[in-house]
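A quick write-up on the structure given underneath.
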Number of protein chains: 2
Amino acid sequence: MKELKHRSTCPVSTSLDVLGDRWTLLILRDMVFAGKSTYGQFLQSAEKMATNILADRLAVLEAQGLLTKAVAADKKSKFTYRLTEKGVDTVPILVEFILWGAKHCPTIIDPGLLAELQTEKDATVAKYQQRAREQALA
Amino acid sequence: MKELKHRSTCPVSTSLDVLGDRWTLLILRDMVFAGKSTYGQFLQSAEKMATNILADRLAVLEAQGLLTKAVAADKKSKFTYRLTEKGVDTVPILVEFILWGAKHCPTIIDPGLLAELQTEKDATVAKYQQRAREQALA
DNA sequence: GCATAATACTTGCAAATTGCAAGTAAAAAC
DNA sequence: GTTTTTACTTGCAATTTGCAAGTATTATGC
């Protein structure tokens, strides 16, 4: 069980204690926007996460209740990671990171998604949250 | 000049390259919600940031154009840090961290601010952004 | 005008974390 | 029954963090 030290009672600080590093939110991004759910899929993202870091972060996210781990339906040698409601609730955070990065950094992003986020943020957030919930039932 | 490596062209990833650590967003939080502007003030927050980390992060934030550094109006031995528009644009990110932390972690937060964020998020974001812009002119 | 305090860092070093490469183990495919 | 797939674990060097102490410039008090 991965323990976690909380530095203060401030909600920004406690959120950062869980999510504040270079990799954790990328895993959640891959689940929400790319529909990924397995260790092997997470390893294939453009940022090339090291295998030990991925294993560590998945363990933290599971211990903190943002995702669940279960044996895959098709193969016993495979695990499927799914978002809990606590994990689904990080979608608004991911969206704000997308909007900030798209505005202020050199990035490449699907223009359709960006336009959707800029004009109908709340509905788009809700759409991806609903999609994640439905995957969790599958 | 603090350089920064970008791991990919994904906007979440590039945002994390700048903001993805345990301390950076706490500095921005202190500027936006506590009106702090000096090195000494940042050191006094509940999370007890080490002096070298603070100096490093302020340099990164300045190099990345999220804040500006200037000699204080009252004392030549003091510096005043202010948010640029790029910095002001992180307020929605901070707000989502507040809401997630307040919902899912044990935290203490001003009930007035929380209620305001829950019922009138956009207006509250705009209010704190405007406040930060006005401080930058002072 | 000189000692003390305030302000903003910098430096040194041990401990923790990260990143890379290679190795392991169970299940699946051929 | 050998090879491949899948999910890790391990070892180790390099980087980052965290703590304590030191430095440098400006301001204050007598």
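Order of the sequence lines sets the chain letters (A, B, ...), proteins ahead of strands, with each chain counted from 1. Values below: all heavy atoms of this structure, side chains included; hydrogens, waters and symmetry mates excluded.
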- Comparing B:Asn52 and B:Thr38 on DNA chain C - which has the more 5′ nearest nucleotide: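 That would be B:Thr38.
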- Query: Given that A:Thr51 and A:Asp74 both sit by DNA chain C, which one's nearest nucleotide is further toward the 5' end?
  - Reply: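 Counting from the 5' end, the first nearest nucleotide belongs to A:Thr51.
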Given [options], which nucleotide is nearest the side-chain atoms of [X]?
X       : options                : answer
B:Lys75 : C:dT7, C:dC9, D:dC8    : C:dT7
A:Ile53 : D:dT17, C:dT18, C:dA22 : C:dT18
B:Ala50 : D:dT28, D:dG18, D:dT25 : D:dG18

- Check whether any side-chain heavy atom of A:Arg22 lies under 4.5 Å from a side-chain heavy atom of A:Met49, and answer yes or no.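 Answer no - side chains too far apart.
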- Relative to the ring of B:Phe42, is the ring of B:Tyr81 parallel (under 30°), tilted (30 to 60°) or perpendicular (over 60°)?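 It falls in the tilted class, 30° to 60°.
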Atom [atom1] of [X] and atom [atom2] of [N]: how far apart are they, to the nearest Å?
X       : N      : atom1 : atom2 : answer
A:Glu47 : C:dG19 : CD    : P     : 12 Å
A:Met49 : D:dA7  : CE    : P     : 14 Å
A:Leu26 : C:dT18 : CG    : C1'   : 15 Å
B:Leu54 : D:dC19 : CG    : P     : 14 Å
B:Gln41 : C:dT7  : CD    : P     : 10 Å
B:Tyr39 : D:dA24 : OH    : P     : 16 Å
A:Arg7  : D:dG18 : CZ    : P     : 8 Å
A:Asp21 : C:dG19 : CG    : C1'   : 14 Å

Is the phosphate of [N], meaning OP1 or OP2, less than 4.0 Å from a side-chain N or O of [X]?
X       : N      : result
B:Arg22 : C:dA16 : no
B:Lys5  : D:dT15 : no
A:Lys76 : C:dA26 : no
A:Arg57 : C:dT18 : yes
A:Tyr81 : D:dT6  : no
B:Trp23 : D:dT17 : no

Look at the side chain of [X] and the backbone N and O of [Y], then say whether any donor-acceptor pair between them is shorter than 3.5 Å.
X       : Y       : result
A:Thr38 : A:Thr80 : no
B:Ser13 : B:Arg7  : no
B:Arg82 : B:Ser37 : no

- Query: Do any pairs count as a side chain to side chain donor-acceptor pair (under 3.5 Å) and have a residue in residues 107-120 of chain A, sequence neighbours left out, and if so which ones?
  - Reply: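 Counting only pairs at least two positions apart or across chains, the side chain to side chain donor-acceptor pair (under 3.5 Å) contacts touching residues 107-120 of chain A are A:Glu116-A:Lys127.
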- Please report the C-alpha distance between A:Lys86 and B:Trp100 in whole Å, then the side-chain angles of each, then the deciding distance to 0.1 Å, and finally whether the side chain to side chain contact (heavy atoms under 4.5 Å, CB included) criterion is met. CA-CA 8 Å; A:Lys86 188 173 177 179; B:Trp100 191 85; 3.8 Å; yes
- Message: I need the residues from residues 13-20 of chain B with at least one non-hydrogen atom less than 4.0 Å from DNA chain D; give them sorted by number, or say none.
- Response: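 Nothing qualifies; none.
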- Looking at B:Asp56, B:Thr24, B:Thr90, B:Leu83, which hits side-chain contact (heavy atoms from CB on, under 4.5 Å) with B:Leu61?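 Testing each of B:Asp56, B:Thr24, B:Thr90, B:Leu83 against B:Leu61, the sole residue satisfying side-chain contact (heavy atoms from CB on, under 4.5 Å) is B:Thr24.
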- Task: Using a 4.0 Å heavy-atom cut-off across all strands, classify A:Lys48 as base, sugar-phosphate, or nothing.
- Result: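 It contacts nothing in the nucleic acid.
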